[in-house]
Amino acid sequence: MSGGIAVETLSEAEARTELARLSKEIARANTAYHGEDTPEISDADYDALKARNAAIEAAFPHLKRSDSPSEQVGASPSEAFSKVTHEQRMLSLGNAFDAGEVAEFDARIRRYLGLGPEAPLTYTSEPKIDGLSLSLRYENGRLIQAATRGDGQVGENVTANARTIDDIPERISGAPALLEVRGEVYMSHADFAALNVRQTERGAKTFANPRNAAAGSLRQLDATITQARPLRFFAYAWGALSEPLAETQMGAIDRLGALGFVTNDMTRLCDGPKEMLAHYETIEQARATLGYDIDGVVYKVNDLGLQARLGYRSTTPRWAVAHKFPAELAWTRLEAIDIQVGRTGALSPVARLAPVTVGGVVVSNATLHNEDYIAGRDNKGMEIRDGKDIRVGDWVQVYRAGDVIPKIADVDLTKRPEGAAPYEFPTVCPECGSDATREEGDAIRRCTGGLICPAQAVEKLKHFVSRAAFDIEGLGAKQVEMFHADDILPVREPADIFTLRARDAENVSKLAKRDGWGVTSAANLFQAIEDKREIEMSRLLFALGIRHVGEVAAQDLAQHYQSWEALTSALDTARPAALARRAADEAADAERRAAAEDGRRARVSEARARAFAARNVPDESAAIWDDLIAADGIGPVMALSLSDAFANPDERGAIDRLVAELRSILPPETRADDSPVAGKTVVFTGSLEKMTRAEAKARAESLGAKVSGSVSAKTDLLVAGPGAGSKAVKAAELGIETIDEDGWLSLIGDA
DNA sequence: GTGCCTCGAGTTCC
DNA sequence: CTCGAGGCAC
């Protein structure tokens, strides 16, 4: 439907007619896609329509219509809203599930700040709204942008839709010149019920719960639909600011209220865990009468100065926690257990359930984790579910962990059908028939088929094109499966992606002629692939899907070696040492076992040394291996996994074929060192008076410094408080710069 | 050797 | 989002 005549040969009149037709079709597809009806066309067809529209507009710019689909808020279902990078990350919260964990939260904060158990410490306590987080950016009192949370770093621009929400003011006065207000968009129970009545009357799909209704409404391409939906907004936090809002959390919330935002009237100040738990009870009891969904209570350290000192862990602030309500439970029947095979060959059991509503969502699948989990044991062999195993036909109790992932909490043995047998976990891969084995001490059984296994091959390819890896537009999971199964234009390994265009050109059955594809969509895909012949080294490394080498490890490795050649030659040289290391590990294990058997003390290090020496590793190889495992974040397990992948002829062949297709592998960007301590190795010694040790370390690391515990030749700076002993002496001997706590604070500009 | 903390991998539903 | 496991500090 999208193909039509080649754009270059269109007459002006034809182009005009075609643009009108496309505009209409796309508008109809938009309405259909976004909830008013069931989708009528596939995403690929939709993208093809948009692509053709864009191509014609490019060829005849003067014919572009005022209602051109390319001008509308959304571009396509997959890239409907433009991306917005949050100036301040939008983080999630850590969780607490009982009184003990709340007390632990308080204790952790006191420890970190160096406060005794009796020192006064105030928290705010407020209901946790079950909606969607939104960040509103105000400049000089005007709303200029609204963005969803997304992955925390990058969200979606939903400004036009946010402007239709009554609780969100267009203008505010008396605010800082720059103010990002954060809060939750939600729908009340009453509005949700009324909306579903209207949906039913119109024969449209109803929403499963208020949260989904709010999410669906906010993500409308057509802001007039959002306007018709009764969305509300509670403000409870902030992002980037040109000046502080207040000195306390409570003060800031009051300030937001004064600026015209709706804040939650159940927010209270509490003097410690006891009062926090009491307020939790109050909120839990009010839950049914609030008129909107909440899923817990949030506690935050009230003093903003202390919040700043506490700072953040990788994904959560240290100064706040969400105390979640107990998860909703539901009983249903387990109809079957299926096995999925992941990219590393992991066999993952999935429960197929008789559909049941849990927490407002119909659940029909649940994860069963692994073999032991089904049998009723955890990874340490301890009983879970009182040791009850799970059998097909059982009545099982389902909950959604973190309100998302369905899991099985319990089994009703009284309802177990007669003759139900314990589940027998397969020992061969259900996809390829290879042996599926379990390493000692490992919880997961893995298919040994490697790339012979079609499931592993496809999953590996999906990983290769995924967002954090090659991120090829128009080549998602679905397309990868299609190409992998294709006999005419097969993609069986990463290099095949890059030869796709050339092979297509030589083929009679062109991609552009296929169902769901058109000239432009095929051309767009080929272009997207061409664009990725230039790729960052860390992405390439991550994309290979080597076990234990994730996004972060790939970045660490790129940082360490700087170039692809340096990395590969290091791995090649280090191979003998890697093999010797494995032999030593195995010898150590064997010795431990043998010793346990005949009840003597194990002589592990000797066995280890003997096995290593027997390998006669060249000095150069050993040196490179040592350098590899000394790299930041890289240990022997990762190093061995890497070494294996690059030494395996099949895998290495695929890697080399891929690299040959690439134009350039970009070295990592050297981190901008805008702080005076970036890249320096710092040691703290003696007592610190204005901050605790943990705090000093976290602060230094956030400025790009590496904090070490002992002084060595690698140390750049020693921060010595009163009572500094041997470390200060050693630093003096080595001629290392030494400063005191105040010197450190003024150095980093925190005086 | 032990105990954090972070990373990797797998998963559900829309 | 959660669990298991690797890395690293103590």
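Letters A, B, ... are given to chains in the order of the sequence lines, protein chains preceding strands, and every chain is numbered from 1.
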Exercise. Any donor and acceptor pair, going by atom type alone, linking the side chain of E184(A) with main-chain N or O of G131(A) inside 3.5 Å?
Worked result: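 At least one qualifying donor-acceptor pair exists.
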Problem set entry | Donor-acceptor contact below 3.5 Å, side chain Q199(A) vs main chain K205(A) |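 It does hold such a pair.
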Problem set entry | 5′-ward residue of the pair R111(A)/V363(A) relative to DNA chain B | R111(A)
Exercise. On DNA chain B, nearest-nucleotide positions of A208(A) versus I546(A): which is more 5'?
Worked result: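 The residue whose closest nucleotide sits nearer the 5' end is I546(A).
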Taking only side-chain N and O atoms of [X], does any of them lie within less than 4.0 angstrom of OP1 or OP2 on [N]?
X       : N       : answer
N365(A) : dC13(B) : yes
K407(A) : dT11(B) : no
R343(A) : dA9(B)  : yes
S348(A) : dG10(B) : no
Q340(A) : dG10(B) : no

Minimum-distance nucleotide to [X] side chain [options: [options]]:
X       : options                  : value
I405(A) : dG8(B), dG7(C), dC1(C)   : dC1(C)
V637(A) : dG6(C), dA9(B), dC13(B)  : dG6(C)
V361(A) : dG10(B), dG7(C), dC13(B) : dC13(B)
P406(A) : dA9(B), dT12(B), dG6(C)  : dT12(B)
A443(A) : dA5(C), dT2(C), dG10(B)  : dA5(C)

Exercise. Are R211(A) and F192(A) in a cation-pi setup, meaning NZ or CZ lies under 6.0 angstrom from the ring centre and within 45 degrees of the ring axis?
Worked result: no
Exercise. For S92(A) and I629(A), take the nucleotide of DNA chain C holding the closest heavy atom to each; which residue's nucleotide lies nearer the 5' end?
Worked result: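 Result of the comparison: S92(A).
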Just how far, in rounded Å, is [atom2] of [N] from [atom1] of [X]?
X       : N       : atom1 : atom2 : answer
R547(A) : dG6(C)  : CZ    : P     : 8 Å
K324(A) : dT2(C)  : NZ    : P     : 7 Å
M638(A) : dG4(C)  : CE    : C1'   : 13 Å
K462(A) : dA9(B)  : NZ    : P     : 16 Å
E101(A) : dT2(C)  : CD    : P     : 11 Å
K205(A) : dC14(B) : NZ    : C1'   : 8 Å
H463(A) : dA9(B)  : NE2   : C1'   : 10 Å
H369(A) : dG8(B)  : NE2   : P     : 20 Å

Exercise. Across the strands shown, which category fits A215(A) at heavy-atom distances under 4.0 angstrom: base, sugar-phosphate, nothing?
Worked result: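 If one applies the 4.0 Å heavy-atom cut-off, A215(A) turns out to touch nothing in the nucleic acid.
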Exercise. Is there side-chain contact between P317(A) and L91(A), with at least one heavy-atom pair below 4.5 Å?
Worked result: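 Yes; the side chains approach each other to less than 4.5 Å.
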For this session: List the steps, then state whether side-chain hydrogen bond (donor to acceptor under 3.5 Å, both in side chains) holds for R229(A) with S217(A).
Result: CA-CA 7 Å; R229(A) 301 279 174 83; S217(A) 303; 2.8 Å; yes
For residues 319-337 of chain A, run the donor-acceptor check on the side chains, cut-off 3.5 Å, and write out each pair with its distance to 0.1 Å, sequence neighbours left out.
{"unit_1": "H323(A)", "atom_1": "ND1", "unit_2": "Y299(A)", "atom_2": "OH", "d": "2.8"}
{"unit_1": "E328(A)", "atom_1": "OE2", "unit_2": "G359(A)", "atom_2": "N", "d": "3.1"}
{"unit_1": "T332(A)", "atom_1": "OG1", "unit_2": "A354(A)", "atom_2": "O", "d": "2.7"}

